[in-house]
Engineer: 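First the structure, then my questions, so here it is.
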Number of protein chains: 2
Amino acid sequence: MPHDLDRIDRKLLQIVQENARLPAEKIGAAIGLSPSAVQRRLARLRDGGVITAEVAVLDAKAAGFPLTMIVDIEVERERPELLSAFKRWIAREGAIQEAWYVTGDSDFVLVVAARDVEDYDALMQRLVSENPNIRRFRTRVTLGTLKRGATVPLE
Amino acid sequence: MPHDLDRIDRKLLQIVQENARLPAEKIGAAIGLSPSAVQRRLARLRDGGVITAEVAVLDAKAAGFPLTMIVDIEVERERPELLSAFKRWIAREGAIQEAWYVTGDSDFVLVVAARDVEDYDALMQRLVSENPNIRRFRTRVTLGTLKRGATVPLE
DNA sequence: TTTGAAAAGCTTGATAT
DNA sequence: ATATCAAGCTTTTCAAA
């Protein structure tokens, strides 16, 4: 496999997963490498696709999206031709933050950000009206967020 | 208290939500602002807590975590005193990437990254053995990830 | 692979509008 | 609020090991 991460890579990734703005000099001081060695490793990890992006994380509430819903969706499996259209629909909807195809009773799980319940209702009405293969969905409102992110535990 | 984001702030945030490494000069060119005005706004958004972090996003598979599970957990509500211990347990577990407290049949929804099924099984065995208030849980394996992130749609 | 140093580029802070 | 510019940092490049 193309990507063998050594112990230094893992330490490096652990740091930039938390803070991508830390100067290479400080990262190097923390892991015992010169700034240029840190930069070279970062470049390699970016080029190799281990680091896919460096992004700003917003406080959703401060940005005007205080509600998060978790939505289980069941689709009609007899109509696989509609699936890719549904996937494109999901890709287009900015309020859908996460979407997985899953095993089990339902077929998709979505995480949706919303300004208010009306906003969310409108989205779900468009969901069903624009996707004929939606059989049913169930909404769970999040009452609290304990953790949010995609950080991977590199020991 | 609600942060007022003007049109320029929203454009700015839209950009850095995608790419936090873009130089202020390029951001400014895109939204019609000088580099220092961009920096001033970014500083204000960071200080005001609208931007909570700037982080590197990893390819979980490349980093050795090819599996993602979605776990619904039901806890014994008669024992609220065990809840905060459970929350601390979640906070400590690096493989738990996301965790919400939700309405509905189950009480928590977790997103868990795993190296393999044994790894995941071991985590869930520790979950039940170390948290006496876990009544049941249901695992859904993700077969595909359509979208992942916490990006908020500004405008 | 690594370091170290110079060049280039970016950010920050002062000043002025 | 904003832009311009200079000073200070950070990143990048390259030679050498």
Side-chain angles (χ1 to χ4, degrees), chain A residues 1-59 61-64 149-152 154-155, chain B residues 1-59 61-65 149-155:
Chain A
M1 284 310 277
H3 303 114
D4 262 328
L5 305 175
D6 63 18
R7 211 159 80 266
I8 297 173
D9 284 329
R10 291 197 297 272
K11 279 189 192 171
L12 185 48
L13 291 170
Q14 226 175 291
I15 290 169
V16 295
Q17 275 192 121
E18 303 279 329
N19 181 7
R21 281 182 69 72
L22 205 62
E25 188 187 3
K26 294 228 175 83
I27 299 174
I31 67 183
L33 229 52
S34 72
S36 51
V38 170
Q39 294 287 15
R40 199 174 38 69
R41 278 176 185 263
L42 281 173
R44 197 169 52 77
L45 291 164
R46 290 184 186 117
D47 293 347
V50 179
I51 295 175
T52 60
E54 279 142 289
V55 304
V57 180
L58 307 193
D59 180 324
K61 196 177 299 182
T151 306
V152 143
L154 299 166
E155 107 194 34
Chain B
M1 330 211 25
H3 237 95
D4 266 315
L5 304 175
D6 65 18
R7 181 170 215 75
I8 296 172
D9 284 328
R10 290 196 297 271
K11 279 189 191 171
L12 184 49
L13 290 170
Q14 229 175 292
I15 290 170
V16 296
Q17 274 191 121
E18 303 279 330
N19 181 6
R21 283 181 67 72
L22 204 62
E25 187 186 2
K26 294 228 174 82
I27 299 174
I31 66 183
L33 228 52
S34 71
S36 54
V38 170
Q39 295 287 14
R40 215 156 353 87
R41 278 175 185 265
L42 281 173
R44 212 191 65 216
L45 292 164
R46 289 184 188 117
D47 293 349
V50 179
I51 296 175
T52 60
E54 281 144 286
V55 304
V57 180
L58 308 193
D59 180 325
K61 196 177 297 181
F65 288 79
T151 305
V152 143
L154 299 166
E155 96 184 32

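Letters A, B, ... are given to chains in the order of the sequence lines, protein chains preceding strands, and every chain is numbered from 1. Quick note: numbers below take in every heavy atom, side chains included, and nothing from hydrogens, waters or symmetry partners. Computed from a predicted structure; not experimentally measured.
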Engineer: Between atom CZ in B:Arg44 and atom C1' in C:dT11, what is the gap in whole Å?
Structural biologist: 18 Å
Engineer: Do you know the tightest heavy-atom contact between A:Ala62 and B:Gly49?
Structural biologist: CB-O, 4.5 Å
Engineer: What's the closest nucleotide to the B:Ser36 side chain, out of D:dT2, C:dG13, C:dA5?
Structural biologist: C:dG13
Engineer: Between B:Arg46 and B:Glu54, is the closest basic N to carboxylate O distance under 4.0 Å?
Structural biologist: yes
Engineer: Given C:dT3, D:dT10, D:dT2, which nucleotide is nearest the side-chain atoms of A:Leu33?
Structural biologist: C:dT3
Engineer: Side chain of B:Ala37: nearest nucleotide among D:dT10, D:dA3, C:dT11?
Structural biologist: D:dA3
Engineer: Between atom CD in A:Glu25 and atom C1' in D:dC9, what is the gap in whole Å?
Structural biologist: 9 Å
Engineer: Please report the distance, rounded to the nearest Å, between NZ in B:Lys26 and P in D:dT11.
Structural biologist: 15 Å
Engineer: Closest approach of A:Gln17 and A:Val152, non-hydrogen atoms and distance?
Structural biologist: OE1-N, 2.7 Å
Engineer: Between P on D:dT2 and CZ on B:Arg7, what's the gap in Å once rounded to a whole number?
Structural biologist: 15 Å
Engineer: Would you say B:Arg40 reaches C:dT12's phosphate, i.e. side-chain N/O to OP1/OP2 under 4.0 Å?
Structural biologist: no
Engineer: Counting heavy atoms from C-beta on, name the nucleotide in C:dC10, C:dT3, D:dT11 closest to the side chain of A:Ser34.
Structural biologist: C:dT3
Engineer: Using atom CD of A:Gln39 as one end and atom P of C:dA6 as the other, report the distance to the nearest whole Å.
Structural biologist: 18 Å
Engineer: Does OP1 or OP2 of D:dT2 have a side-chain N or O of B:Arg41 closer than 4.0 Å?
Structural biologist: yes
Engineer: Please give, in whole Å, the distance from C:dT12 P to B:Asp47 CG?
Structural biologist: 11 Å
Engineer: For B:Leu12 and D:dT2, give me the distance from atom CG to atom P, rounded to whole Å.
Structural biologist: 11 Å
Engineer: In whole Å, what is the span from the CG atom of A:Leu22 to the P atom of C:dT11?
Structural biologist: 16 Å
Engineer: Considering non-hydrogen atoms only, spot the tightest contact between A:Leu154 and B:Ala63 and give its length.
Structural biologist: CD2-O, 3.8 Å
